[in-house]
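Atoms considered below: every heavy atom in the structure, side chains included; atoms not considered: hydrogens, waters and symmetry mates. We're numbering straight along the sequence, starting at 1. All values derive from a computational prediction rather than experimental measurement.
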Amino acid sequence: MFTNYSYTVDKRFMRYVQIDTQSDPTSDSFPTTEKQKDLSRLLVKELQEMGITDAEMDEHGYVYATIPANTDKKVPVICFCSHVDTSSDSSGTGVKPIVHYQYDGGDIALPDDETVVISAKEHPYLASKKGDDIITASGTTLLGADDKAGVAEIMDAANFLITHPGVKHGAIRILFTPDEEVGRGVEKVDMKKLAADVGYTMDGGELGSLEDENFSADGARITVYGVSAHPGAAKNKLISAIKIAGEIVDALPKDGLSPETTDDREGFIHPVRIQGTVEKTEIDFIIRDFETAHLEAHETYLRRIMEKVLDKHHGAKATLKVTEQYRNMKEVLVNHPAVTANAAEAIRRAGVQPLRMSIRGGTDGSRLSFMGLPCPNIFTGEMALHSKHEYVSIQDMQKAVQTIVYLAQVWEEKA
């Protein structure tokens, strides 16, 4: 079916990554940065040029569009979703994408900073892509494959379906979201307007990966209250909230329960921000586990650490506030087995072995699943995320395009 098709995914991707769309975790606005809408507006224009007449961007920066059904069957409406924003962990300004044609399997030195080398030893998946055409940034920025690879793949799949009306499918909804990287990606999605029955985020990594499970997540904030005094006359009076906060962080386990000491299905407590003064200091944590019930145990453990440290500082006080962030999509998807099974079938039709994996993180699909849209995550080829070492294989992206098209077919055939 794709033998004579001229893929557009690589050209689209190269175009999209040059648009700075970093979100801002410190902003209270929505979207957190207006520049995300620059890409959203371009996507609407390109969708309309394909002939998708209802493509639009709303005031929040969401892009909605429909590929109309071309079958008489009653097929569940599928939504394909990717996010336009990129991480704030590394600069996204002035991205210069470079194609390394027929990658030779060795290290890739990036030209704009000779100290940035993507090592084949440190990135074994990259080494396995020998012969592929690899896209990287130039060494001073991230690439933005997370998740502009997914965006480009959905756009190319839309182009294929519009130009190949003989491929039967039901109605397909396209959703591009802002602010996924700051955990707010579907905060203002209009689910009635989206009007889909099942969904798939295109935001996974290596070829063939299919993720139907992710961390359950809470946020926690410890606020420490000390006693301020003039440092010149502070003896037996000053109680430093800053130092107490430091002791709480130092009391966390050194050999486990942290991102740097866990993998697979192990959860963790991770301090991500400290700010404050002698009188008041706040510590923000993220708490993660695949078993939602384990979150409470981690939070109880954190509280005990806080209380034990406080016992040494009479006159100091502290509070712990926990906020729910997102939950394991498996809790929803287990009741909708066809959603994941059909994705696995589509991946196989693309000539790839499905790799059932779990996400040590979150995704728009997790939130969407609990908002009534069962939504696992499919591979895009994006690797070494949020860093200057980020890369993606063009051939992986082409397989993702095929998977989207085959998935539309599978749902139509089984309707």
Side-chain angles (χ1 to χ4, degrees), residues 22-26 83 85-90 118-119 121-126 142 145-147 179-185 201 203-206 209 211-222 245-275 281-306 309 320-330 357-367 377 382-391:
Q22 279 188 309
S23 48
D24 180 0
T26 68
H83 62 91
D85 67 315
T86 59
S87 169
S88 61
D89 292 344
S90 184
I118 308 178
S119 164
K121 182 178 180 180
E122 294 178 4
H123 298 274
Y125 183 76
L126 174 63
L142 50 65
D146 180 14
D147 185 28
D179 284 344
E180 190 269 357
E181 295 292 358
V182 298
R184 300 176 62 190
T201 47
D203 196 15
E206 64 184 86
S209 63
E211 297 160 327
D212 63 352
E213 184 173 29
N214 62 281
F215 273 145
S216 284
D218 283 344
R221 172 173 290 179
I222 290 179
E247 288 184 41
I248 291 172
V249 173
D250 188 58
L252 293 169
K254 306 296 189 295
D255 57 356
L257 210 60
S258 65
E260 63 269 29
T261 60
T262 57
D263 60 9
D264 295 329
R265 296 184 60 79
E266 299 172 307
F268 55 75
I269 300 170
H270 181 41
V272 294
R273 185 183 66 93
I274 300 179
Q275 68 174 15
T281 297
E282 295 174 336
I283 319 168
D284 287 338
F285 298 84
I286 59 173
I287 301 174
R288 303 290 188 262
D289 206 288
F290 285 102
E291 300 295 331
T292 301
H294 291 178
L295 294 178
E296 185 176 353
H298 298 329
E299 290 151 10
T300 298
Y301 180 74
L302 181 59
R303 185 180 299 278
R304 288 173 180 166
I305 289 175
M306 178 188 76
V309 170
L320 172 62
K321 181 180 179 181
V322 175
T323 305
E324 180 178 320
Q325 293 182 325
Y326 53 83
R327 292 295 181 254
N328 189 343
M329 68 172 82
K330 191 75 170 181
M357 302 176 74
S358 300
I359 310 170
R360 284 180 60 83
T363 170
D364 278 345
S366 171
R367 295 280 299 276
N377 194 38
E382 60 195 44
M383 301 296 293
L385 313 181
H386 299 192
S387 75
K388 296 174 183 177
H389 296 93
E390 198 175 4
Y391 65 90

Can you check whether [X] reaches [Y] side chain to side chain, under 4.5 Å on heavy atoms?
X	Y	result
Glu282	Arg273	yes
His386	Asp146	yes
Ile222	Ile248	yes
Met329	Thr363	yes
Ser258	Leu252	no
Thr201	Glu211	no
Asp147	Glu382	yes

On a heavy-atom basis, which atom in [X] and which in [Y] lie closest, and how many Å separate them?
X	Y	value
Thr281	Ala245	CG2-CB, 3.7 Å
Ser23	Ser88	O-CB, 3.8 Å
Ala220	Leu302	CB-CD2, 4.3 Å
Ser209	Met357	CB-SD, 3.3 Å
Gly267	Thr262	O-CG2, 3.6 Å
Leu295	Ile287	CD2-O, 3.7 Å

Contacts of type side-chain hydrogen bond (donor to acceptor under 3.5 Å, both in side chains), residue Asp212, not counting sequence neighbours |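 Testing Asp212 for side-chain hydrogen bond (donor to acceptor under 3.5 Å, both in side chains), a comparison that skips the adjacent residues, returns Lys330, Arg356.
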Residues which pass side-chain hydrogen bond (donor to acceptor under 3.5 Å, both in side chains) with Asn214, listed by chain and number, not counting sequence neighbours =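 Result, side-chain hydrogen bond (donor to acceptor under 3.5 Å, both in side chains) vs Asn214: Ser366.
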Rounded to the nearest 0.5 Å, what's the gap from [atom1] on [X] to [atom2] on [Y]? Could you check?
X	Y	atom1	atom2	answer
Phe285	Ile274	CZ	CD1	7.5 Å
Lys321	Glu299	NZ	CD	13.5 Å
Tyr125	Tyr391	OH	OH	7.0 Å
Lys388	Ile118	NZ	CD1	12.0 Å
Thr86	Leu142	OG1	CG	5.0 Å

Just jot down the ring pair (Phe, Tyr, Trp, His ring centres under 6.0 Å) partners of His389, sequence neighbours excluded, or say none.
->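 Scan of His389 (ring pair (Phe, Tyr, Trp, His ring centres under 6.0 Å), adjacent residues dropped) gives His123.
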Output all residues satisfying side chain to side chain contact (heavy atoms under 4.5 Å, CB included) with Thr26, sequence neighbours left out; order by chain, then residue number.
->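 Applying side chain to side chain contact (heavy atoms under 4.5 Å, CB included) to Thr26 gives Asp24.
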For Glu291, enumerate each residue passing the side chain to side chain contact (heavy atoms under 4.5 Å, CB included) test, keeping only those at least two apart in sequence or located in another chain.
->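 So Glu291 forms a side chain to side chain contact (heavy atoms under 4.5 Å, CB included) with Arg265, Asp289, His294.
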Backbone N or O of [Y] within a donor-acceptor pair of the [X] side chain at under 3.5 Å?
X	Y	answer
Glu213	Phe290	no
Gln22	Ser87	yes
Glu296	Ala293	no

Taking atom NZ of Lys121 as the centre, report whether more than 12 heavy atoms of other residues, nucleotides or ligands fall under 6.0 Å from it.
->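 Result for NZ/Lys121: open.
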Cationic N near anionic O, under 4.0 Å, Arg184 to Asp179 |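 Between Asp179 and Arg184 there is no salt bridge, as every charged N stays at least 4.0 Å from the carboxylate O atoms.
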Knowing that exactly one of His298, His270, Gln325 qualifies, which makes a side-chain hydrogen bond (donor to acceptor under 3.5 Å, both in side chains) with Arg288?
->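 That would be Gln325.
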Go through the structure and list residues passing salt bridge (Lys or Arg N to Asp or Glu O under 4.0 Å) with Glu324, not counting sequence neighbours.
->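 Glu324: salt bridge (Lys or Arg N to Asp or Glu O under 4.0 Å) contacts with Arg327.
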